[in-house]
Amino acid sequence: MRLNSFDDFTPLREVVLGSASNYVERLRDLSFDMFISDNLSGARGYYPSITDWRPGPDRLDRNQPDRLAMKERYLQELIEDVEGIADTLASLSVRVHRPMALPPELGEVSSPAWTAPVTPPLNVRDNTLILGDEIIETPPTLRARYFETQFLKPIFMEYFDQGARWTTMPRPMMTDASFDPANLATAAPNIEAPDNPVPSPYDTGVEIMIDGANCLRLGRDLIVNISNANHALACDWLERHLAGRFRVHRMHKLTQSHIDSVVVPLRPGTLLIRSERVLDFLPESLRRWDTIVAPTPEIDDYPQYENDDPIPASPYIDLNVLSIDEDTVMVNDACKKLIHTLEERGFTVVPVRHRHRRLFGGGFHCFTLDTVRTGGAEDYLG
């Protein structure tokens, strides 16, 4: 089918699903301990009843044989779960496209200004924005993901051959000076934040950078979350590029970057939101929609790691649902309260397994890039 995707809820016909293949080759570069040792304050904020938190083992010990075996098991389970998502989508009559696999021998990528390790094209929502019949490759916010869309090129070429537009936003140099210095105090895990910026001959100042997951698509309207100067420049570009075709709305600092675990449109007139406070950041017309406030996550909703300590990062990751149509939603099968809440509001829930979402980041919406839905450039905001 021809590329056509204006929203996140009309009937889904084709989708790109990310790949975790050969993530195992990155075993020695991965440290799950960072979530425990660096985010204790966030853990207490989400789980105020927890009083005795213990950081994980020293990072220098992270590649001991027993810990490598543990990480390999988690990674293999991630691969199993992603393939299970593919099977579920196919059973729902959705055509599933897959990116090229990460070559096992590809350890690093380089530019004139930096070198970074490579991870597989798993969260494909982040570096691409589909708007109607146009593919827009967004400028990444992490160096390790600079060339990630290359793994999607055969898919993009197929849509291009069928008439799709294909645009790449300006590619940043990504020196230390490229990033908004204010990121250092508040940066999310998916935003580079150099601790001690080093001058480079390639410095050009703060640059255009944003992830596609900062955006919420509603027919002819695009809502963009802006939390730093990089995002603001990217929104300037989007406004100019889309002028006359889409209306761009700025949403300031709803969250540090991605918004698809904060506010999710499930159908015209209905939003799934993390809390009522979210409404204060949205366009006025969107505040009039019905809302479903997600139940507060509990520790038992997630696997436990390292002496039974949960990973205190993004406990609301399971709001990252994927709508198959305006009545059907794919939800993590571990989230019994969320499933019950959605079913009470008349949705058909398709439960799917995804165990280690808080280790690797990403939910069903992050892992997918919907390329064909039946909706068009509707005016949902009036």
Side-chain angles (χ1 to χ4, degrees), residues 34 38 108-119 121 123-131 134-153 165-217 222-260 262 281 361 366:
M34 63 179 290
D38 292 350
E108 292 184 329
V109 293
S110 299
S111 82
W114 47 263
T115 299
V118 185
T119 53
N123 291 292
V124 292
R125 181 81 54 172
D126 295 353
N127 289 326
T128 305
L129 184 61
I130 305 294
L131 292 175
E134 184 173 13
I135 301 163
I136 300 178
E137 296 184 48
T138 58
T141 57
L142 288 172
R143 292 169 176 143
R145 305 184 69 182
Y146 198 90
F147 298 105
E148 191 172 296
T149 51
Q150 299 298 313
F151 296 104
L152 278 68
K153 283 296 172 67
R165 312 182 208 205
W166 186 358
T167 305
T168 300
M169 292 179 69
R171 308 301 288 179
M173 289 298 296
M174 296 189 87
T175 68
D176 289 358
S178 299
F179 302 91
D180 183 351
N183 286 343
L184 189 57
T186 60
N190 51 3
I191 298 176
E192 206 95 27
D195 287 327
N196 299 297
V198 176
S200 165
Y202 303 103
D203 287 342
T204 59
V206 174
E207 294 190 272
I208 296 173
M209 286 186 270
I210 199 168
D211 284 347
N214 278 52
C215 303
L216 189 157
R217 304 172 308 141
L222 182 69
I223 299 172
V224 182
N225 180 58
I226 298 170
S227 69
N228 58 42
N230 304 113
H231 296 161
L233 287 170
C235 194
D236 291 342
W237 187 93
L238 286 166
E239 286 176 339
R240 297 172 199 175
H241 180 72
L242 300 172
R245 294 189 289 139
F246 291 86
R247 299 180 298 202
V248 178
H249 307 262
R250 294 178 181 239
M251 183 168 56
H252 292 282
K253 296 188 177 181
L254 168 62
T255 184
Q256 293 167 319
S257 57
H258 301 174
I259 61 176
D260 49 1
V262 182
F281 295 85
C366 294

Mind checking the CZ-CZ spacing from R171 to F147? Nearest 0.5 Å is all I need.
7.5 Å

Looking only at heavy atoms, the pair that brings S227 and K253 closest together is O-CE, 3.5 Å

Measuring only between side-chain heavy atoms, which start at C-beta, is H258 closer than 4.5 Å to N123?
no

Taking atom types as modelled, find out whether T149 and N127 have a side-chain donor-acceptor pair closer than 3.5 angstrom.
no

Close side-chain approach of F179 and M209, heavy atoms under 4.5 Å
yes

Would you call the rings of W114 and Y146 parallel, tilted or perpendicular, taking 30° and 60° as the class edges?
perpendicular

Test side-chain contact (heavy atoms from CB on, under 4.5 Å) applied to I135 and I130, step by step
CA-CA 5 Å; I135 301 163; I130 305 294; 3.9 Å; yes

Could I get the full list of salt bridge (Lys or Arg N to Asp or Glu O under 4.0 Å) partners for E134, not counting sequence neighbours?
R245

Note, H231 side chain near I210 side chain (heavy atom, < 4.5 Å)
yes

Show me the donor-acceptor pairs within less than 3.5 Å that the side chains of residues 193-201 make with the rest of the protein, sequence neighbours left out.
| residue | atom | partner | partner atom | Å |
| --- | --- | --- | --- | --- |
| S200 | OG | Y202 | N | 3.0 |

Can a donor-acceptor pair be found, under 3.5 Å and without considering hydrogens, that links the side chain of E207 to the backbone of M173?
yes

In this structure, which one of L129, I208, N214, L238 forms a side chain to side chain contact (heavy atoms under 4.5 Å, CB included) with T138?
L129

Looking only at heavy atoms, what is the nearest atom pair of R125 and D260, with distance?
CG-OD2, 4.3 Å

Evaluation steps, side-chain contact (heavy atoms from CB on, under 4.5 Å), between D236 and R250:
CA-CA 10 Å; D236 291 342; R250 294 178 181 239; 2.4 Å; yes

So P121 and L152, do their side chains get closer than 4.5 Å, heavy atoms only?
yes

Calculate, to the nearest 0.5 Å, the distance between atoms CG and CD belonging to N183 and Q256 respectively.
9.0 Å

Measuring from D180:CG to E192:CD, what's the distance to the nearest 0.5 Å?
14.0 Å

Please round to the nearest 0.5 Å and tell me the distance separating atom CG of D176 and atom CG of D203.
7.5 Å

If you define the side chain from C-beta out and look only at heavy atoms, does anything of N230 sit under 4.5 Å from T141?
no

Tightest non-hydrogen contact, residues P172 and P140, listed as CG-O, 4.3 Å

Hey, does the side chain of N225 reach the backbone of L216 with a donor-acceptor pair shorter than 3.5 angstrom?
no

Test item: R143 side-chain N/O and M174 main-chain N/O as donor-acceptor pair under 3.5 Å:
yes

Can you tell me which residue among I259, L131, L222 is in a side chain to side chain contact (heavy atoms under 4.5 Å, CB included) with C215?
L222

For S257 and N190, work out which heavy atoms get closest and say how close.
OG-OD1, 3.0 Å

Could you tell me whether the side chain of T128 and the main chain of E137 form a donor-acceptor pair under 3.5 Å?
no

Indicate yes or no for a side-chain donor-acceptor contact from H241 to the backbone of W237 under 3.5 Å, with no hydrogens or angles considered.
no

I'd like to know if the side chain of D211 reaches the main chain of A213, judged simply by a donor and an acceptor atom lying under 3.5 Å from each other, with no hydrogens or angles considered.
no

